[in-house]
Amino acid sequence: MRNLPFMVLICLCLFQLLLPVNVLGQENEIVHRIETVDGNVFIGTIISENTEALVINTTGLGEITIQRSNIKTMEEVDADRIKTGVYWFENPHSTRYFFAPTAMGLRDDQGYYQNTWILFNNANYGLTDNFSMGAGFIPMFLFGISETPIWLLPKFSIPMAQENIHLSVGALTGIVTGTGADGTFGILYGTVTFGSQDRNLTTGLGYGYAGSNWSQTPMLNISGMIRTGRTIYIITENYLFPGVEDFLGFGSLGVRWAPENIAIDFALARTFSEGEGYIGIPWLGLSIPFKR
């Protein structure tokens with residue numbers, strides 16, 4: 001019963017994927033996001049325009065007139081992102097949970113840096129809309145240890161013709177410096193994600209290796225994400241190891257606070273085993289998105 005919260009959230013993700021999104025945007029309505037030179041941002045539909053100015057119907061201020069000379073940027077946005085009168089920006093961290101990837105890919109020239117408990121460092125960057133490359137390391141020299149784990153994270157993402165289905169294949173392949181071929185490690189995986197950037201469920205299979213030895217059975221990943229507010233996400237990330245005696249796997253349940261320019265993750269992680277009395281081990285991570 002101690003693992004019930006993880007299973008409940010997974011079921012909740014499945015249930016949420018079947019529900020329609022509650023939005024205030026009109027069907028086929030074109031919504032624009034306009035930022036002025038003085039830093040104000042207006043979201044709404046253009047009523048009329050000419051070479052000098054435009055009139056926009058905003059969700060909070062009604063009709064306002066903006067001089068074109070005062071417009072810094074203007075872009076069309078998805079009307080479905082207007083929720084209860086507030087614009088929800090695109091999820092800047094839709095390609096990952098706490099650590100496990102979704103099948104969604106980073107867009108060309110977009111990336112992020114991730115740090116967990118100071119020790120785990122990752123950076124990922126979209127080389128195309130379908131292929132990204134990442135790298136990471138653990139700074140063991142902080143503890144006077146010369147051997148350092150480093151790894152690469154290639155990932156190829158494939159959006160399917162069906163709406164809200166993505167596939168991906170990728171790898172974590174690394175080496176502990178100074179140990180030669182025996183110090184290599186990694187995992188090759190494939191995943192499928194069902195849902196949108198804001199609420200989704202991912203399942204995946206992976207085979208790990210250490211040196212020349214490969215796992216005989218795959219690792220199973222089941223993870224989910226639900227956006228409950230403009231900057232709040234509930235996330236669960238779970239790993240199962242079929243065929244491993246006395247160890248079913250481990251999982252995590254937590255919250256992400258993510259405005260557009262940063263994300264902070266907090267979760268509790270624990271193993272799926274009988275007879276354990278602890279609630280969970282804290283997970284604390286920080287991510288910073290960037291683009292060229």
Side-chain angles (χ1 to χ4, degrees), residues 9-10 12-25 27 31 33 43 75-84 86-114 122 124-132 134 153 155-170 191-204 221-237 252-265 267 285-291:
L9 188 60
I10 291 173
L12 181 60
C13 286
L14 285 170
F15 177 70
Q16 286 280 331
L17 294 177
L18 301 177
L19 295 178
V21 180
N22 181 23
V23 299
L24 295 184
E27 186 176 0
V31 180
R33 179 183 186 273
I43 307 292
E75 60 179 341
E76 184 177 331
V77 298
D78 188 350
D80 287 349
R81 294 201 167 276
I82 309 299
K83 304 176 189 291
T84 61
V86 178
Y87 173 65
W88 285 20
F89 50 84
E90 287 190 355
N91 180 357
H93 301 277
S94 62
T95 63
R96 65 175 184 87
Y97 298 102
F98 295 125
F99 181 79
T102 70
M104 300 177 187
L106 286 167
R107 294 176 181 170
D108 182 22
D109 292 338
Q110 292 186 340
Y112 65 86
Y113 164 73
Q114 177 187 16
N122 282 307
N124 288 266
Y125 185 73
L127 299 176
T128 72
D129 285 343
N130 299 103
F131 180 74
S132 64
L153 298 162
K155 175 183 171 184
F156 185 72
S157 302
I158 310 167
M160 304 300 292
Q162 297 91 338
E163 186 178 2
N164 290 341
I165 299 179
H166 294 75
L167 302 177
S168 75
V169 292
T191 61
V192 55
T193 296
F194 304 94
S196 66
Q197 290 185 349
D198 294 339
R199 48 185 186 176
N200 53 68
L201 179 74
T202 295
T203 62
N221 171 251
I222 304 176
S223 300
M225 176 189 302
I226 298 176
R227 190 173 187 172
T228 60
R230 191 168 183 265
T231 60
I232 301 298
Y233 304 77
I234 299 175
I235 299 174
T236 181
E237 183 174 322
S252 58
L253 176 63
V255 175
R256 171 175 295 160
W257 175 69
E260 291 187 79
N261 58 352
I262 197 173
I264 296 177
D265 297 336
L286 178 146
S287 299
I288 302 174
F290 61 84
K291 60 183 178 179

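These values consider heavy atoms only, across backbone and side chains, with no hydrogens, waters or symmetry-generated copies.
Scanning all heavy atoms of the two residues, the minimum distance from Glu260 to Pro289 falls at O-CG, 3.5 Å. Pairing each heavy atom of Ala263 with each of Ala258, the nearest pair is CB-CB, 3.9 Å. Scanning both residues, Asn122 and Tyr113, for their nearest heavy atoms gives O-CD1, 3.3 Å. Closest heavy-atom contact between Ser252 and Ala267: CB-CB, 4.4 Å. Here the closest heavy-atom approach between residue Phe290 and residue Asn124 is recorded as CZ-O, 4.0 Å. In terms of heavy-atom proximity, Asp108 sits nearest to Asp129 at N-OD1, 2.8 Å.
Using modelled atom types, no side-chain atom of Gln114 and backbone atom of Gly285 make a donor-acceptor pair closer than 3.5 Å. Within the 3.5 Å criterion, the main-chain N or O of Tyr97 finds no donor-acceptor partner in the side chain of Glu237.
One distance of note links CG of Asn221 with OG1 of Thr191; it measures 8.0 Å at 0.5 Å rounding. Here the CG atom belonging to Asn91 is positioned 5.5 Å from the CE atom belonging to Met225, to the nearest 0.5 angstrom. In this structure, Ser94 OG and Arg227 CZ are separated by 10.0 Å, a value rounded to the nearest 0.5 Å. Atom CG of Leu201 sits about 12.5 Å away from atom CG of Asn164, to the nearest 0.5 Å. Note that CD1 of Ile288 is 9.0 Å distant from NE2 of His93, once rounded to the nearest 0.5 Å. Distance check, rounded to the nearest 0.5 Å: CD of Gln197 to CE of Met104 gives 6.0 Å.
Counting heavy atoms from C-beta on, the side chains of Asn200 and His166 never come closer than 4.5 Å. Counting heavy atoms from C-beta on, the side chains of Tyr112 and Arg96 come closer than 4.5 Å. Side-chain contact between Tyr233 and Thr228 is absent, with no heavy atoms from C-beta onward closer than 4.5 Å.
Between Lys291 and Asp109 there is no salt bridge, since no side-chain nitrogen of the basic residue lies less than 4.0 Å from a carboxylate oxygen of the acidic one.
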Thr202 and Thr193: CA distance, side-chain angles, deciding distance, side chain to side chain donor-acceptor pair (under 3.5 Å) verdict: CA-CA 4 Å; Thr202 295; Thr193 296; 2.6 Å; yes

Assess the residue pair Thr128 and Phe156 against the criterion (side chain to side chain contact (heavy atoms under 4.5 Å, CB included)); give the C-alpha distance rounded to whole Å, side-chain angles, the decisive distance to 0.1 Å, and a yes or no. CA-CA 10 Å; Thr128 72; Phe156 185 72; 6.0 Å; no

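For CZ of Arg230, the number of neighbouring non-hydrogen atoms (other residues, nucleotides, ligands) closer than 6.0 Å is greater than 12.
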